[in-house]
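See structure below.
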There are 2 protein chains.
Amino acid sequence: MIDLATIKSPVLIIDRQKTLRNISRMLAKTQGTPTVFRPHFKTHQSAGIGEWFRELGVNKITVSSIDMAVYFESHGWKDITLAFPVNIREYRRIDQLAHSIRLSLIADNEGSVDLLARKLTQTVHLWIEIDVGDNRSGVWWEDREKILQLAQKITASEKLQFGGLFTHSGYTYRAGSVSDIKKIYEKTLGIMQGLKSFLGEKGYSDIRISLGDTPSCSLVDQFGDVDEIRPGNFVFYDLMQLNLGSCSADDISVALACPVVSIQPQRQEIVIHGGAVHLSKDFLTNDRGERSFGAIAMPEGEGWGNLLDNTFIRSISQEHGVVKVSPDHLSKIKIGDIVLVIPVHSCLCADLHAAFQVIDPAAGDHRPNTHLEKLTINHE
Amino acid sequence: MIDLATIKSPVLIIDRQKTLRNISRMLAKTQGTPTVFRPHFKTHQSAGIGEWFRELGVNKITVSSIDMAVYFESHGWKDITLAFPVNIREYRRIDQLAHSIRLSLIADNEGSVDLLARKLTQTVHLWIEIDVGDNRSGVWWEDREKILQLAQKITASEKLQFGGLFTHSGYTYRAGSVSDIKKIYEKTLGIMQGLKSFLGEKGYSDIRISLGDTPSCSLVDQFGDVDEIRPGNFVFYDLMQLNLGSCSADDISVALACPVVSIQPQRQEIVIHGGAVHLSKDFLTNDRGERSFGAIAMPEGEGWGNLLDNTFIRSISQEHGVVKVSPDHLSKIKIGDIVLVIPVHSCLCADLHAAFQVIDPAAGDHRPNTHLEKLTINHE
């Protein structure tokens, strides 16, 4: 259970049972199929949580920075995809890392491919990033000429192995409904298969397809003819996913334990120690136009209880969270109490922490709480 | 100048000359007045930048967490105000810190005062936090009875020294104009002086008043009858302050150097390595309803040039920034180039970094770039 007495300042709590259930459920969808499960580790950034995946048989992962790749390599991961358009200024670190692991990169332009081809001394697997509608990075999927040029450049290079076609349909996060998310998945898969056929006609055989975000991977039952999926957020889920319909409230396995520092009965609000430096500033907007920077649950049983109705963080500053609280609940909260904040976006929330406190409800009090360290930011 | 060749991944650049000018300008407003300048160090969180203040004669500071207080104490700061409603779960660290420095705290409720009175073995200076309209923490300013009760409780305690009346008029950040910000300052000061008179009538003499946010402290020339001001953001300023009218673009002394990783000419956009984990997710909304997560400048001379017109980060994810670029500028940008992002909110941006690269344009190339470390998050 949550060791409330030890909590002095905001602490990120991970429910191990829910997390394992989330991992197992996603893994099960790929078992018995040719699709490789290559989870994105940017959400937890923790070697300890990585072990939970490894114990279930996962040995290929995705990361979003060279720092993360180096961190997980140092914890024994030997097959890593860096799912961020290659930053050619980092080619030395890339080359060094490719010495010890199977490293896959993505690129969407000739300049990056040329530089890698010229500078690398080690083999890397380079995928062509395709934009199927997200409008972030990637070659626009209709620009077949550019895709073919990149395939030619990659295969012409001695140090570059052509990995295949890679995409992230991040616009599922802006979808209006569960059926829209499923449609985006089908559309994405169709586009990628079309490009695979096109390259096949040009003589490129065995082209692999990599895709998969948490909303679509959570909602689609059969991934179809796909070589790998790379969801990340599903490990913890969060309010954004709940809002999209990708998970239930009970699937969310992360919460920030926050001390109550001020009570404002006349406004039906409390102030918690828990702000933008602990939660990030991601928010959801409800039907009444109110922003929520987090939902609230109370410590209960071995973990936390249901999300409190009409109770949410309405405003957040560097260290403060101002929480609108329904009258029923307000009367039960005292200065110094701990409330649990269910984050809007677990990836950015977890990124802000150096460690987790792990609870394991199924193990009851026989299993001590675990302090799990994770990668901490080292941006200059 | 910015050492572009050494930049491989996002690096936070601080212009020392602009920063010193920002500090000196604010300090000058208090010199020759009875008002103490107690700058908020939550913005930079850096012992090195703290030294720049110290060299100008500053010896009293404000912080927003016990972690920051401990960090600055370890760097020789002996008079620190922790400007966050006291978190009673941290009383042991508070007590320990009060052993070695003059520590000031704030509280807005009897529970917190009672606990401190019972538990502390060292003397701390406890201020009553007043809410003059920000609706965050603090006793609502019209609740004179509660303010008097707290004053009584504090003065009745052996270990608590009554510090005075403390407020943060953070709603200047939501003001519509420069004149509105000035009016908020006048209103705040009037309310605080009224409460001081009220407590004076009740026998509490020498009550001090502490206030001051960056917008009002930047725009007001005469602080009036105030005992201390505590602005923080002014050290770097940012787009939010520029938008409010608190600073000019040339006053902004912080920028994130970001490599270009993708160019999308058909959308007139580029993608940079620079995302929410480097910048935070604070944004501004322009007249056309477009969100900006940062403005863009190019390396120029010893630092960076003007903000590019019609060029801004329109979307941000964990590591990516998608930048809308005006056609004139787009044609000059190549893969691997460095652009400078002027952040929307420098406090949250700086919080995400472990160090700064300092440039010193006035010193030219005679002064090497300096690598300045800062406090890094240690949230569990």
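We name chains A, B, ... by the order of the sequence lines, and we start the count at 1 in each one.
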If you count heavy-atom pairs within less than 4.5 Å of chain B, which of [options] leads?
{"options": "A:G138, A:A5, A:S112", "result": "A:G138"}
{"options": "A:I88, A:I335, A:L372, A:V86", "result": "A:I335"}
{"options": "A:A276, A:S9, A:G336", "result": "A:G336"}
{"options": "A:R136, A:E269, A:Q266, A:R92", "result": "A:R136"}
{"options": "A:K334, A:Q318, A:E90", "result": "A:Q318"}

Smallest separation among heavy atoms of A:L348 and B:K281, with atom names: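 For A:L348 and B:K281, the tightest heavy-atom pair comes out as CD1-CD, 3.4 Å.
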Distance (rounded to the nearest 0.5 Å) between [X] [atom1] and [Y] [atom2]:
{"X": "A:D351", "Y": "B:H278", "atom1": "CG", "atom2": "NE2", "value": "8.5 Å"}
{"X": "B:S262", "Y": "A:I106", "atom1": "OG", "atom2": "CD1", "value": "9.5 Å"}
{"X": "A:S64", "Y": "B:H273", "atom1": "OG", "atom2": "NE2", "value": "7.5 Å"}

Could you tell me which of [options] has the largest number of non-hydrogen atom pairs under 4.5 Å with chain A?
{"options": "B:N87, B:V271, B:I13, B:D282", "result": "B:N87"}
{"options": "B:D131, B:V322, B:I338", "result": "B:I338"}
{"options": "B:A107, B:G111, B:S137", "result": "B:S137"}
{"options": "B:P259, B:G275, B:C347", "result": "B:P259"}

Region of [X] that comes under 4.5 Å of a non-hydrogen atom in chain A:
{"X": "B:S280", "answer": "neither"}
{"X": "B:I272", "answer": "backbone"}
{"X": "B:N135", "answer": "both"}
{"X": "B:V261", "answer": "both"}

Is it true that atom CD of A:Q96 has more than 12 heavy atoms of other residues, nucleotides or ligands lying nearer than 6.0 Å?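 Atom CD in A:Q96 is not packed in, count stays at 12 or less.
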Heavy-atom distances under 4.5 Å only: say whether A:Y91 touches chain B with side chain, backbone, both or neither.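 No part of A:Y91 comes within 4.5 Å of chain B.
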Given A:V277 and B:L352, is the side chain to side chain contact (heavy atoms under 4.5 Å, CB included) satisfied, shown in steps? CA-CA 8 Å; A:V277 299; B:L352 293 166; over 6 Å; no
Can you list the steps and then say if B:I263 with A:N109 is a side chain to side chain contact (heavy atoms under 4.5 Å, CB included)? CA-CA 8 Å; B:I263 298 180; A:N109 63 83; over 6 Å; no
Could you go through the side chain to side chain contact (heavy atoms under 4.5 Å, CB included) check for A:M68 and B:E319 one step at a time? CA-CA 12 Å; A:M68 278 183 224; B:E319 304 271 348; 3.7 Å; yes
